[in-house]
2 protein chains.
Amino acid sequence: MSLSYAILGLLSYRPMTGYSLKEVFDNSISHFWHAHLSQIYRELSRMEENGLVASEVQQREGRPDRKVYQITSRGEENLQSWLVSFPQKLVMSYNDEFLLRLYFGGRIGRDEILFQMTKYRKETESRLNHFQSLYRVIEDFSKKAGGPEDRLYWELTLDLGVQLLRANLEWIERALEKIKSGDDPLKKSPG
Amino acid sequence: MSLSYAILGLLSYRPMTGYSLKEVFDNSISHFWHAHLSQIYRELSRMEENGLVASEVQQREGRPDRKVYQITSRGEENLQSWLVSFPQKLVMSYNDEFLLRLYFGGRIGRDEILFQMTKYRKETESRLNHFQSLYRVIEDFSKKAGGPEDRLYWELTLDLGVQLLRANLEWIERALEKIKSGDDPLKKSPG
DNA sequence: GAATTCATGTAACTTGTTACATGATTTA
DNA sequence: TAAATCATGTAACAAGTTACATGAATTC
């Protein structure tokens, strides 16, 4: 289960609560990994049972208690051995609901498709904007934790996220034109 | 659950067994949707309970029985209303184990990263080759089922799959160079 | 003779998703 | 004063994964 390695890796930079782990997931690795808060809490409990992490409850006046998790030496070993083992099977389970609809586009009207595609473009654009703002987050974070080596790899993964979104947007433009030109009665039956 | 819509959509072209549905998943929509055979069987049972599909057992001499599923009118309605409803939340759960390792690349040696990246490139290349062979599958299939409209959309989804893989490969080349040049002691501290 | 394909599923388990429950502090 | 943020989780269910079980026909 890769989620536990994602958690171990992030805890290897600094101890964190489940809540703050979720923030890092959303801000720093959302371009290639997503997890729900409830998943993170469940996984942390399991990992503590297995001795991969250890928790300490911090009581603070007024504000609610925080349960701060840190990686154990066993957790470090676990992480390390995972990092150097290239997966036998590359899991690439890319299930895309929008593409599933588009595949069956022949079953609905072109206007509906154009409408959905335009919405999809808007969403993709805002995701691209979000990703581009993450370079700043990496810069800030590399000053606090990790070294210049870490920063190289953080930026590389983000580069891919940005490039894939750009390729996606280029495809959207071409697809819109293809669909529109198919809609043009002059081009449908020439002569 | 989008799996049931994928099944309904495919059954709307022609009746199929669970086994042949799996083949279509792997050959025709694998670039944006993946499902295990056991998932398909489970989902078909559930859908039959809900009246979205109906099955008929065909007995054949010598060979094992086949359970052929077809879409019901209720299933058609179900599919149609899903197709015209743009999702409130675009599910983009893209979890990539390779990128997760790369993100933590600072924790392992550069040689290991280069080794894994090279393997990743090889896998990505073979996926691209597979995708490119699917245009032929679409061509063949559009002669048997569906019309020219369907073919446009089938090709569009495949176009995206191909373009994303190409963008991925371009990124790999650049990433390899960046990692290698960071490894070069001459570039590390000039002078 | 061994492996692959066709064809059906069940069982056990892990992961992902959504809703619920609680409650203080801060910001709009 | 309403909403958002911080902070913890549980419960219930849906979806994804892997292993097991069966057995004929075909291909290597």
Side-chain angles (χ1 to χ4, degrees), chain A residues 1-7 15-27 29-30 32-50 52-53 55-69 87-97 100, chain B residues 1-7 15-27 29-30 32-50 52-53 55-69 87-97 100:
Chain A
M1 30 174 148
S2 300
L3 175 59
S4 72
Y5 298 113
I7 292 174
M16 272 181 274
T17 66
Y19 190 86
S20 50
L21 269 168
K22 169 62 174 164
E23 286 177 321
V24 177
F25 267 82
D26 289 347
N27 292 321
I29 65 172
S30 63
F32 61 84
W33 209 273
H34 171 264
H36 287 263
L37 190 50
S38 63
Q39 251 179 298
I40 293 173
Y41 282 128
R42 182 173 55 187
E43 195 63 36
L44 280 170
S45 308
R46 223 180 289 176
M47 289 163 75
E48 190 163 28
E49 277 176 36
N50 297 331
L52 302 175
V53 297
S55 69
E56 192 194 346
V57 176
Q58 287 183 357
Q59 278 150 330
R60 300 167 307 159
E61 310 97 68
R63 268 169 286 167
D65 295 355
R66 341 166 60 220
K67 205 170 180 178
V68 181
Y69 286 90
Q88 326 78 323
K89 260 188 180 177
L90 264 190
V91 203
M92 278 278 210
S93 59
Y94 175 65
N95 285 13
D96 189 318
E97 198 182 322
L100 184 60
Chain B
M1 25 169 153
S2 300
L3 175 59
S4 72
Y5 298 112
I7 292 174
M16 273 181 275
T17 66
Y19 190 87
S20 51
L21 269 167
K22 169 63 173 164
E23 286 176 321
V24 177
F25 267 83
D26 288 347
N27 291 320
I29 65 173
S30 64
F32 62 84
W33 209 272
H34 171 265
H36 287 263
L37 189 51
S38 62
Q39 251 179 297
I40 293 173
Y41 282 129
R42 181 174 54 189
E43 196 62 38
L44 280 170
S45 309
R46 222 179 288 175
M47 289 163 75
E48 189 164 28
E49 277 177 35
N50 297 330
L52 302 175
V53 297
S55 69
E56 193 194 346
V57 177
Q58 287 183 356
Q59 277 150 332
R60 299 168 309 160
E61 310 96 71
R63 269 169 286 167
D65 293 355
R66 341 166 61 223
K67 205 169 180 180
V68 182
Y69 286 89
Q88 326 78 322
K89 260 188 182 178
L90 263 191
V91 202
M92 278 279 209
S93 61
Y94 175 63
N95 286 15
D96 189 317
E97 199 182 322
L100 184 59

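Note on naming: letters A, B, ... go to the chains in the order of the sequence lines (proteins, then strands), and numbering restarts at 1 for each one.
When rounded to the nearest whole Å, the span between CE of B:Met16 and P of C:dT8 equals 12 Å. Distance B:Gln58 CD to D:dA24 P: 20 Å, rounded to the nearest Å. Look at CG on B:Leu3: it is 6 Å from P on D:dG16, rounded to the nearest Å. B:Gln59 has its CD atom 13 Å from the P atom of C:dT8, to the nearest Å. Rounded to a whole Å, the CD atom of B:Glu43 is 13 Å from the C1' atom of D:dC13. Rounded to an integer number of Å, the gap from CG of A:Asn95 to P of D:dA14 is 18 Å. The distance from atom CD of B:Gln39 to atom P of D:dT17 is 6 Å, rounded to the nearest whole Å.
Minimum heavy-atom separation, A:Glu48 to A:Tyr69: OE1-CE2, 3.8 Å.
Residue B:His34 holds its NE2 atom at 7.5 Å from CD of B:Gln39, rounded to the nearest 0.5 Å. From B:Arg66, atom CZ reaches atom OG1 of B:Thr17 across 5.0 Å, with rounding to the nearest 0.5 Å. A distance of 11.0 Å separates CG of B:Asn50 from OG of B:Ser45, quoted to the nearest 0.5 Å. Within the model, atoms OG of B:Ser4 and CD1 of B:Ile40 stand 12.5 Å from one another, a figure rounded to the nearest 0.5 Å. Rounding to the nearest 0.5 angstrom, the gap separating the CG atom in A:Asp96 from the CH2 atom in B:Trp33 is 7.5 Å.
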Expected rows: protein N/O vs nucleotides 9-14 of chain C N/O, under 3.5 Å:
unit_1, atom_1, unit_2, atom_2, d
C:dG9, OP1, B:Lys67, NZ, 3.0

Enumerate the protein-to-nucleotides 3-6 of chain D contacts in which both atoms are nitrogen or oxygen and the separation is below 3.5 Å.
unit_1, atom_1, unit_2, atom_2, d
D:dC6, OP2, A:Tyr19, OH, 3.3
D:dC6, OP2, A:Glu23, OE2, 3.2

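Counting only distance, with no hydrogens or angles, the side chain of B:Lys22 and the backbone of B:Ser38 share no donor-acceptor pair below 3.5 Å.
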**Request:** Evaluate side chain to side chain contact (heavy atoms under 4.5 Å, CB included) for B:Leu100 paired with A:Ser2, printing each intermediate quantity in order.
**Result:** CA-CA 8 Å; B:Leu100 184 59; A:Ser2 300; 4.2 Å; yes
**Steps toward side chain to side chain contact (heavy atoms under 4.5 Å, CB included) verdict (A:Ile7, A:Phe25)** = CA-CA 9 Å; A:Ile7 292 174; A:Phe25 267 82; 4.2 Å; yes
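Side-chain nitrogen and oxygen atoms of A:His36 include at least one within less than 4.0 Å of the OP1 or OP2 phosphate oxygen of C:dT17.
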